[in-house]
**Student:** 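Can you keep this structure in mind? I'll have questions shortly.
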Amino acid sequence: MHPNALPFSPACLRNQEPILTLLRQWLAPEARVLEVGAGSGQHAIHMARHLPGVRWQPSERKESLDGLAGRIALEGQEGLAPGARVAPPLMLDVTEPHWPAGPFEAVFTANTLHIMPAACVPQLLAGSARVLAADGLLLIYGPFRYGDRHTAASNQAVDVHLRQLDPAMGVRDAEELQAAAAHMGLHLQADAAMPANNRLLVFQNSSEGRGG
Ligand SMILES: C[S@@+](CC[C@H](N)C(=O)[O-])C[C@H]1O[C@@H](n2cnc3c(N)ncnc32)[C@H](O)[C@@H]1O
């Protein structure tokens with residue numbers, strides 16, 4: 001794929017460095033990371049360029065896989081941090097029963113929960129709990145609301161827009177997500193403020209997972 005034809009997300013360019021700062025704090029050296037809904041692949045490449053030893057497994061739905069694979073093929077071989085690797089992307093829709101085998105020390109996903117239908121969110125949680133190692137981390141970046149309150153007018157506008165497109169889309173409630181995750185053995189460890197009124201939620205797997 002020609003570099004000019006690669007999918008590109010301006011938001012990724014803005015948020016990749018703040019996300020990296022948090023991942024440095026949370027990921028153990030040589031962590032195996034499954035990224036769900038990896039989109040343009042910019043996060044995968046950026047993290048692998050800056051996290052020594054990380055083993056990053058991007059994944060996407062079928063319809064977005066080609067662009068992601070194009071970026072990983074072009075940028076995923078050179079210029080990575082020592083020992084870091086980016087695997088060829090896998091096809092994964094969170095509604096599928098069969099996820100990559102794992103175990104993974106972390107599952108990472110950015111700006112996906114408000115895009116996928118609400119009914120998919122429990123499937124993302126359940127699938128993550130299945131493939132995470134014991135004590136593994138689920139890290140979710142994006143906009144969230146708390147109770148009936150949005151954290152910013154811009155997030156509210158995005159929420160209204162998405163729900164007009166499809167009532168199943170929309171900015172998720174962090175407290176509801178926390179409760180649903182706890183039912184699956186994923187317990188909130190941190191809820192970090194990020195630029196542009198986003199959050200990074202970190203859950204730890206206390207179920208047996210694949211590594212238990
Ligand atoms: C706004 S894009 C974010 C892409 C990328 N993570 C980023 O930060 O730029 C939302 C992503 O969610 C993915 N997505 C939506 N529904 C999904 C599902 N059921 N399973 C897996 N990924 C899904 C889409 O394919 C899309 O790549």
Side-chain angles (χ1 to χ4, degrees), residues 1 6-23 33-51 54 56-72 75-76 86-100 102 104 106-132 138-144 154-155 157-172 177 180 184 192 194-202:
M1 186 175 278
L6 293 178
F8 176 76
S9 158
C12 274
L13 201 57
R14 293 192 295 270
N15 64 34
Q16 63 190 14
E17 200 58 32
I19 291 174
L20 173 65
T21 300
L22 268 282
L23 294 191
V33 182
L34 172 65
E35 182 178 7
V36 174
S40 66
Q42 288 163 257
H43 285 141
I45 297 297
H46 191 72
M47 304 313 153
R49 283 182 177 160
H50 294 93
L51 294 171
V54 80
W56 200 275
Q57 176 62 72
S59 72
E60 247 305 344
R61 291 186 300 174
K62 188 170 193 279
E63 53 265 48
S64 304
L65 199 59
D66 283 354
L68 173 62
R71 181 177 298 282
I72 303 306
E75 300 181 353
V86 185
L90 297 175
M91 194 188 305
L92 176 64
D93 186 307
V94 300
T95 58
E96 290 164 12
H98 300 295
W99 281 44
F104 297 94
V107 173
F108 169 76
T109 193
N111 280 328
T112 56
L113 265 66
H114 57 297
I115 303 297
M116 64 178 61
C120 293
V121 174
Q123 292 171 294
L124 168 73
L125 297 172
S128 299
R130 281 200 307 275
V131 302
L132 278 172
L138 169 62
L139 304 113
I140 304 178
Y141 173 89
F144 289 95
S154 54
N155 286 356
V158 167
D159 189 39
V160 168
H161 173 69
L162 288 174
R163 289 177 198 274
Q164 280 169 352
L165 290 176
D166 180 348
M169 296 201 288
V171 173
R172 308 298 169 207
L177 182 67
M184 298 183 197
M194 302 294 282
N197 303 301
N198 288 295
R199 314 290 302 183
L200 186 84
L201 306 184
V202 183

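On a predicted model such as this, the values are computed, not experimentally measured, just so you know. Counting starts at 1 for both ligands and their atoms, in listed order.
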**Student:** Between C12 and ligand 1, find which residue part has any heavy-atom pair under 4.0 Å and reply side chain, backbone, both or neither.
**Tutor:**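 The part of C12 near ligand 1 is the side chain, not the backbone.
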
**Student:** Can you pull out the closest protein heavy atom to atom 5 (C) of ligand 1? Residue, atom name and distance to 0.1 Å, please.
**Tutor:**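 For atom 5 (C) of ligand 1, the nearest protein heavy atom comes out as G37 O, 3.4 Å.
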
**Student:** Can you tell me how far the NE2 atom of H43 sits from the CD1 atom of I19, to the nearest 0.5 Å?
**Tutor:**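 It is 3.5 Å, given to the nearest 0.5 Å.
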
**Student:** If we only count heavy atoms from C-beta on, is the R130 to W99 side-chain gap below 4.5 Å?
**Tutor:**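 Yes. Closest side-chain heavy atoms under 4.5 Å.
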
**Student:** For the residue pair R49 and E75, establish whether any side-chain heavy-atom pair is separated by less than 4.5 Å.
**Tutor:**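 Side-chain contact under 4.5 Å: yes.
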
**Student:** So, regarding A110 and ligand 1 (criterion: nitrogen or oxygen to nitrogen or oxygen, under 3.5 Å), is there a contact or not?
**Tutor:**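 Yes; at least one N/O pair falls below 3.5 Å.
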
**Student:** Could you please spell out the steps behind the side-chain contact (heavy atoms from CB on, under 4.5 Å) verdict for L177 and L125?
**Tutor:** CA-CA 9 Å; L177 182 67; L125 297 172; 4.0 Å; yes

**Student:** For atom 20 (N) of ligand 1, what is the nearest protein heavy atom, given as residue, atom name and distance?
**Tutor:**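 Among all protein heavy atoms, the one nearest atom 20 (N) of ligand 1 is V94 N, 3.0 Å.
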
**Student:** Would T95 count as a polar contact of ligand 1, with the cut-off being nitrogen or oxygen pairs under 3.5 Å?
**Tutor:**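 No - when backbone and side-chain N and O of T95 are compared with those of ligand 1, no distance drops under 3.5 Å.
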
**Student:** Would you mind telling me if ligand 1 is within reach of the side chain of E60, the backbone, both or neither, using heavy atoms under 4.0 Å?
**Tutor:**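 The answer is the side chain of E60.
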
**Student:** Taking distance alone, no hydrogens or angles, what donor-acceptor pairs closer than 3.5 Å link side-chain atoms of residues 107-117 to residues at least two apart or in another chain?
**Tutor:**
from, atom 1, to, atom 2, distance (Å)
T109, OG1, V36, O, 2.8
T109, OG1, T112, OG1, 2.8

**Student:** Considering only non-hydrogen protein atoms, determine which one is nearest to atom 17 (C) of ligand 1 and report residue, atom name and distance to 0.1 Å.
**Tutor:**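 Nearest protein contact, heavy atoms only, for atom 17 (C) of ligand 1 is R61 CD, 3.5 Å.
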
**Student:** Which part of H43 is near ligand 1, with near meaning a heavy atom under 4.0 Å away: side chain, backbone, both or neither?
**Tutor:**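 Side chain only.
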
**Student:** To check your reading of the model: name the closest protein heavy atom to atom 2 (S) of ligand 1, its residue, and the distance in Å.
**Tutor:**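 The closest heavy atom on the protein side is N111 O, 3.7 Å.
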
**Student:** Going by distance alone, is a donor N or O of one side chain under 3.5 Å from an acceptor N or O of the other, for H50 and E17?
**Tutor:**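 E17 and H50 do not have a side-chain donor-acceptor pair below 3.5 Å.
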
**Student:** Please list the nearest protein heavy atom to atom 19 (N) of ligand 1 with its residue and the distance rounded to 0.1 Å.
**Tutor:**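 For this ligand atom, the closest protein heavy atom is D93 OD1, 3.0 Å.
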
**Student:** Which is it for L92 and ligand 1 at heavy atoms under 4.0 Å: side chain, backbone, both or neither?
**Tutor:**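 The backbone, only.
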
**Student:** Do me a favour and list the nearest non-hydrogen protein atom to atom 16 (N) of ligand 1 with residue, atom name and distance?
**Tutor:**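 Nearest neighbour among protein heavy atoms for atom 16 (N) of ligand 1, to 0.1 Å: M116 CB, 3.4 Å.
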
**Student:** Supply the atom-to-atom distance D166 CG to H161 NE2, rounded to the nearest 0.5 angstrom.
**Tutor:**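 Result: 11.5 Å between the selected atoms.
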
**Student:** If you measure every N/O of T112 against every N/O of ligand 1, is any gap under 3.5 Å?
**Tutor:**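 Not met; the criterion fails.
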
